[in-house]
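Please read the structure below before turning to the comments.
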Amino acid sequence: MASDKTVILITGANGGIGLEAVVALAQASACLHILLGARSLEKGQKALDEIRSSPSLPGGELKSAISVVQIEVTDQASILAARDHVAATFARLDVLVNNAGIIVIKPEYDTLADARETFETNVFGPLAVTEAFEPLLRKSSSPRVVHVSSEQGSVSLRLDPAYPSVNVRGDTYRMSKAALNMLAACHRHNFADWGCKVCAFNPGFCVTNLTGPRGREMRIKGGARPARDAGLALAEVVLGKRDEDVEKSGIVDVDGGVKPW
Ligand SMILES: NC(=O)c1ccc[n+]([C@@H]2O[C@H](COP(=O)([O-])OP(=O)(O)OC[C@H]3O[C@@H](n4cnc5c(N)ncnc54)[C@H](OP(=O)(O)O)[C@@H]3O)[C@@H](O)[C@H]2O)c1
């Protein structure tokens, strides 16, 4: 059954920035069907139940249709099952948001193992998911891919002594987001002939579970912004309200404009 609504899939949307983007989109329009991607159906359903039952969601009521889709971005069988579900239900996909991402936090630091694990989710995941969904995106009249990246992956900022995070290491995460930025650039070039808009998006430093519960506390103490800021900005990118920035060369920034590659 084809849908007249704009069909949007967001991976890793059971928490953090992905869930805030689901809420912001659902509040923005009744003409969307948002697929809340989660690697655990239970976690996805719980997140959806929570936002639906929240008595005072900032930003007002949820107008869009929302459903949960199981998608583990490091598991090809899971990706293909999600693709088949979207094909059978909607016959196309209008917007893919590759949001799922990790920072590996372990007591014992093992550079190579951590880098491999990080790349599996942050780089090979978006590569595999986009490849699987490309045929469905090609069926959209207004296709779009958003890769949720980070300014931590900016090569230019890494070497800028004035950049506030210059002394933060995080080499493997930075490398993975730099690779994701290149993937976004390749997709933008490769998909241009069928009108697919592609960008990398920088959410800024947000309060989420990306670095675990202790990390969340440190983020709050360190002045991180609410994840809702990033969710609202990501929703604007998805809805085409930031296309002036999407067409620039750089990482579309939460605060407007772009950050350098
Ligand atoms: N927070 C920041 O300051 C910040 C800054 C720049 C960029 N970002 C980027 O923003 C994106 C969202 O992160 P966040 O801050 O919102 O962190 P978060 O709260 O930890 O959310 C990450 C989401 O990704 C999911 N996920 C992780 N690995 C996955 C996998 N293999 N398959 C499917 N889903 C997976 C998580 O699911 P589970 O709940 O099951 O673990 C969770 O839903 C990431 O790409 C991150 O790199 C964040």
Side-chain angles (χ1 to χ4, degrees), residues 1-73 78-100 126 129-130 132-148 195-199 201 203 227-243:
M1 181 192 67
S3 172
D4 55 352
K5 297 186 174 188
T6 300
V7 184
I8 302 162
L9 170 62
I10 306 179
T11 66
N14 55 286
I17 293 162
L19 184 61
E20 291 292 350
V22 170
V23 170
L25 285 164
Q27 290 170 332
S29 169
C31 301
L32 315 175
H33 191 120
I34 306 162
L35 299 168
L36 186 163
R39 55 178 157 181
S40 144
L41 267 182
E42 292 70 30
K43 278 197 206 173
Q45 195 56 53
K46 186 165 178 271
L48 180 54
D49 292 345
E50 278 172 11
I51 57 170
R52 277 200 176 132
S53 63
S54 175
S56 55
L57 217 48
E61 57 165 339
L62 304 176
K63 302 176 201 149
S64 301
I66 310 173
S67 50
V68 179
V69 171
Q70 196 274 340
I71 181 162
E72 158 61 65
V73 305
S78 165
I79 294 169
L80 295 182
R83 190 268 320 267
D84 291 348
H85 168 74
V86 176
T89 314
F90 303 102
R92 67 165 203 284
L93 180 66
D94 297 300
V95 185
L96 169 63
V97 182
N98 282 307
N99 168 71
V129 173
T130 311
F133 279 92
E134 184 186 330
L136 290 178
L137 287 161
R138 281 179 180 266
K139 293 188 175 158
S140 170
S141 58
S142 189
R144 182 183 297 274
V145 177
V146 183
H147 293 291
V148 178
C196 183
K197 294 193 165 113
V198 182
C199 70
F201 171 73
R228 179 156 171 84
D229 289 4
L232 285 165
L234 182 51
E236 293 206 320
V237 174
V238 166
L239 296 174
K241 294 181 180 166
R242 296 283 306 274
D243 278 355

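We're numbering straight along the sequence, starting at 1. Not measured: the values here are computed from a predicted model.
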How many angstroms lie between atom [atom1] of [X] and atom [atom2] of [Y], to the nearest 0.5 angstrom?
X: Ile71; Y: Ile10; atom1: CD1; atom2: CD1; result: 12.0 Å
X: Ser140; Y: Leu137; atom1: OG; atom2: CG; result: 7.0 Å
X: Leu35; Y: Ser67; atom1: CG; atom2: OG; result: 4.5 Å
X: Leu9; Y: Ile34; atom1: CG; atom2: CD1; result: 11.0 Å
X: Leu41; Y: Leu48; atom1: CG; atom2: CG; result: 11.5 Å
X: Leu136; Y: Asp94; atom1: CG; atom2: CG; result: 10.0 Å

Any pair counted as ring pair (Phe, Tyr, Trp, His ring centres under 6.0 Å), so long as it reaches residues 16-42, sequence neighbours left out: His33-Phe90
Identify, with sequence neighbours excluded, every residue that meets salt bridge (charged side-chain N to carboxylate O under 4.0 Å, His left out) alongside [X].
X: Lys46; result: Glu50
X: Asp49; result: none
X: Glu42; result: none
X: Arg138; result: Glu134

Considering all heavy atoms of both residues, which atom of [X] and which atom of [Y] are nearest to each other, and what is their separation?
X: Phe133; Y: Ile79; answer: CE1-O, 4.2 Å
X: Ala233; Y: Phe201; answer: CB-CZ, 3.8 Å
X: Lys43; Y: Ser40; answer: N-OG, 2.9 Å
X: Asn99; Y: Gly12; answer: ND2-O, 3.0 Å
X: Leu80; Y: Ala132; answer: CD2-CB, 4.1 Å

Derivation of the side-chain contact (heavy atoms from CB on, under 4.5 Å) call for Leu239 and Val95: CA-CA 9 Å; Leu239 296 174; Val95 185; over 6 Å; no
Under the rule for side-chain contact (heavy atoms from CB on, under 4.5 Å), what residues qualify as partners of [X], not counting sequence neighbours?
X: Thr130; answer: Leu96, Asn98, Val145, His147, His187, Phe191
X: Ala24; answer: Leu232, Ala235
X: Glu236; answer: Lys241, Arg242
X: Asp229; answer: Arg225, Pro226

Side chain to side chain donor-acceptor pair (under 3.5 Å) contacts touching residues 7-32 (sequence neighbours left out): Gln27-Arg228
Contact check, side chains of Pro203 and Leu234, non-hydrogen atoms, under 4.5 Å: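 SC-SC contact between Pro203 and Leu234 ruled out.
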Salt bridge (Lys or Arg N to Asp or Glu O under 4.0 Å) pairs, two or more places apart, involving residues 27-40: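 Non-adjacent pairs meeting salt bridge (Lys or Arg N to Asp or Glu O under 4.0 Å): Arg39-Glu72.
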Results of side chain to side chain donor-acceptor pair (under 3.5 Å) for Thr6 - residues two or more places apart only: none
